[in-house]
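Notes for the one structure printed next.
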Amino acid sequence: MKDTQEILSEKTTPEGIERFLASDFVEGIGPSYAHRLVEAFGTDTLRIIKDDPEKCSEIKGLGEARAIKASESLKAVKYPIPLLSFLFSCGISEMYIDRILGKYRKRTETVILKDPYYMVEDVWQLHFHTADKIGKKLGIAPDDPHRLQAAIVGAVKYFADDGHLFATVPETLEYASSMTGVSQDEIAKQIDATIDDGRIVRSKGVLYLPVFYNAEKDGAEKLLALAKSVPEKINVSDIPTTDGNGLTYSPMQIEAIKLLLSSPVSVLTGGPGSGKTTVLRAVIDVLEKEGKHVLLCAPTGRAAKRMTSLTCREASTIHRLLGYRQGEGYHKKQLETDVLIIDEGSMMEQVLFNHLLDAVGPGTQVILVGDVDQLPAIGAGDVMRDMIKSPAIPVARLEENFRQEEGSMIAESARTINSGDMPESHPESDFIIIPESTTRRIHDRILSLVAEELPCDKGVSSKDILVVTPQQIGPLGAKQLNVDLQQRLNPDAISLRRGESVFRLGDPVMQTSNAKDRGVYNGETGRIVEINTEEQTLMVEYSDGNRSRYHRTELSELTLAYATTVHKLQGCEVQNIVFPVTMTHKPMLYRNLLYTGISRASRLCVLVGEEEALRYAVENSAPTFRNSNFRHRLNMGN
């Protein structure tokens, strides 16, 4: 009987071997030599490199020293080589191979041969199409029940990736059929089996992944229990009419302060310049004078730092507050506090909110703060909007604009856009629109603005300008703009490379995942202050002074931060923003995206691009609807 490695080796192709040898799993070969070796030795290449490296030195340009180094590198690979070669032969990218190995480690071969389709639900960021490449390579039949059930899970997961807590049955069947090429009727026969296995949940006639069903149902129960509690009375009639600096609260702000202080659960919402921070500081002042313990938190590290700066009190990320550890989950079971205040509520996703509510003790006051007109959370759910729509939750909505009195056009322009009207600009103001007619002209003008024009005309350093764009890909996407801005602003500094990514001394960078061991969280930005080419490491200094060292193999945790997307900037405030507006980004041109991007700037916002695209975005007010029953469960007590 053949063992697993023999089975995988038989299904490995020369193309897969070449991709494996050119990957970061094997040092010292690279794409060019990998191609020459496979061209010479075919499917026998791996054996020859490992056991007969002298023969490899016959390849032109390879040399004996490089051949021996390649052999040593191959022997040092910590995962089974037949497994890696097979996965590359399936057309799986290196990123997804890393995720699969990270999930299963020594069990990977067994999982793949038993049922590769189970990975669809087990590996969160792995989609059905990726598992299907492996299934097809193993010869699994198109109508195999494992494949069809995985397609059902994959369809529901697809809608979750788009922000929805559930998918309807027709949506699920249509998408699963499009992925598999199998009829909806045949796939429908597998729904009950998939439910019986606990892989999906049917509730209120729709389909959930279990994690989202539990988060929605349990979260509603916990929030309603908190909302029905009776907080200790605070004499709201004695609220001061001015803050510590002599600033007089408006009548709307006074009413908001009273509502937040007297409600066990409440929401504070308003646009830029509406006075949310003023109200929040007043509420915290009163609570602290009453001897209440107040905890402040936000969904991201950057949002928490901004909250700390605005309130002059320590704020934490929700992950840090709950003692989150990568691969282990949340360790803090109970938050010892009288009042919990959560900033940037529009970013709150359902699962994270449920974890937070898990740790909130009975009788704790909860206040959610944010701008409901901004983009919804990147993750699934629409917590803040659902709470606002529910009569069970009191809402304080601020509608004034105090920044207009200070002469700022940024907040006023954001409000104008949010009302569906075209904004105006003036070259001497803090909100400027620069018309450019083509993608190339927009691209070149952005580089010019960041490198020369704004430093010269507005006196701002290029280091203090961030390009914010609707999407990652394309000539005006964050990925390409980062490369081009790096080349324009920092072309010759010492560098370290991993794959296609090049990091240079002095580059701004962003952490792309939570790394508790480093004390760095997703979205935090810093600058490369040291590169050691011998040790293949670089040092990043973050905005809070924290320094962290990265080996070349860990550079996937970082991305350049000359440019970023609007979604990545949520919960942050930066001084100076340059924002491309182009019809090439048409699928992303929504009013709330434009509004969110503009409202992130505190000192200067420059829009560069086509009037047609700007008008399209302003008029495109299609609501960001998400499948959610959270508000209905709040209304009906589940």
How many angstroms lie between [atom1] in [X] and [atom2] in [Y], if you round to the nearest 0.5 Å?
X: Phe88; Y: Leu83; atom1: CZ; atom2: CG; result: 10.5 Å
X: Ile442; Y: Thr438; atom1: CD1; atom2: OG1; result: 6.5 Å
X: Ile465; Y: Asn576; atom1: CD1; atom2: CG; result: 6.0 Å
X: Leu496; Y: Ile531; atom1: CG; atom2: CD1; result: 6.0 Å
X: Ser85; Y: Arg19; atom1: OG; atom2: CZ; result: 11.0 Å
X: Leu560; Y: Leu481; atom1: CG; atom2: CG; result: 11.5 Å

Q: Using the side-chain contact (heavy atoms from CB on, under 4.5 Å) rule, take Phe431 and Leu607 through it: C-alpha gap first, then chi angles, then the decisive distance, then the call.
A: CA-CA 8 Å; Phe431 180 77; Leu607 302 187; 3.8 Å; yes
Closest approach of [X] and [Y], non-hydrogen atoms and distance?
X: Ala315; Y: Ala304; value: CB-O, 3.5 Å
X: Thr269; Y: Val372; value: OG1-N, 3.1 Å
X: Val618; Y: Pro423; value: CG2-CD, 4.4 Å
X: Phe503; Y: Ile528; value: CB-CD1, 3.6 Å
X: Pro272; Y: Ser599; value: CG-CB, 3.9 Å
X: Ile473; Y: Gln471; value: O-NE2, 3.3 Å

Just by distance, do the side chain of [X] and the backbone of [Y] share a donor-acceptor pair under 3.5 Å?
X: Asp430; Y: Met409; result: yes
X: Lys133; Y: Gly91; result: yes
X: Asn482; Y: Ala478; result: yes
X: Ser23; Y: Phe20; result: yes
X: Gln374; Y: Asp371; result: no
X: Lys276; Y: Gly271; result: yes
X: Lys568; Y: Met510; result: no
X: Thr108; Y: Arg105; result: yes
X: Asp343; Y: Met307; result: no
X: Ser425; Y: Ile433; result: yes

Would the number of heavy atoms belonging to other residues, nucleotides or ligands and lying under 6.0 Å from [atom1] of [X] be above 12?
X: Lys458; atom1: NZ; result: yes
X: Glu424; atom1: CD; result: no
X: Tyr104; atom1: OH; result: yes
X: Arg549; atom1: CZ; result: yes

Side chains of [Y] and [X]: any donor to acceptor distance under 3.5 Å?
X: Glu541; Y: Asn546; value: no
X: Gln511; Y: Tyr550; value: yes
X: Asp484; Y: Gln480; value: yes
X: Thr553; Y: His551; value: yes
X: Ser548; Y: Arg518; value: yes
X: Ser448; Y: Glu453; value: yes
X: Asn490; Y: Asp507; value: yes

Would you check if [X] and [Y] make a side-chain contact, meaning some heavy-atom pair closer than 4.5 Å?
X: Thr300; Y: Thr317; value: no
X: Leu37; Y: Cys56; value: yes
X: Pro475; Y: Thr584; value: no
X: Glu557; Y: Glu554; value: yes
X: Leu594; Y: Val566; value: no
X: Phe25; Y: Asp98; value: yes
X: Thr311; Y: Ile341; value: no
X: Gln350; Y: Val383; value: yes

Strictly below 4.0 Å, N to O, side chains only: are [X] and [Y] in salt-bridge contact?
X: Asp444; Y: Arg440; answer: yes
X: Lys305; Y: Glu524; answer: yes
X: Asp24; Y: Arg498; answer: yes
X: Glu610; Y: Arg615; answer: no
X: Arg488; Y: Glu452; answer: yes
X: Glu436; Y: Arg445; answer: yes

When Ile434, Thr469, Val578 are each screened for side-chain contact (heavy atoms from CB on, under 4.5 Å) with Ile446, the one that passes is Val578
Test side-chain contact (heavy atoms from CB on, under 4.5 Å) on Ile97 and Leu84 and set out the steps.
CA-CA 8 Å; Ile97 291 174; Leu84 294 172; 4.0 Å; yes
Notebook entry, point to check: How far apart are the C-alpha atoms of Leu21 and Thr45, what are their side-chain angles, what is the distance that settles it, and do they pass the side-chain contact (heavy atoms from CB on, under 4.5 Å) test?
Noted result: CA-CA 10 Å; Leu21 291 174; Thr45 301; 3.8 Å; yes
Next item on the list: Test side-chain contact (heavy atoms from CB on, under 4.5 Å) on Gln487 and Arg504 and set out the steps.
Entry: CA-CA 10 Å; Gln487 189 59 28; Arg504 295 183 177 138; 3.4 Å; yes
Can Arg591 be said to sit on top of Tyr595's aromatic six-ring, NZ or CZ under 6.0 Å from centre and within 45° of the ring axis?
->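 Negative - Arg591 is either too far from the ring of Tyr595 or too far off its axis.
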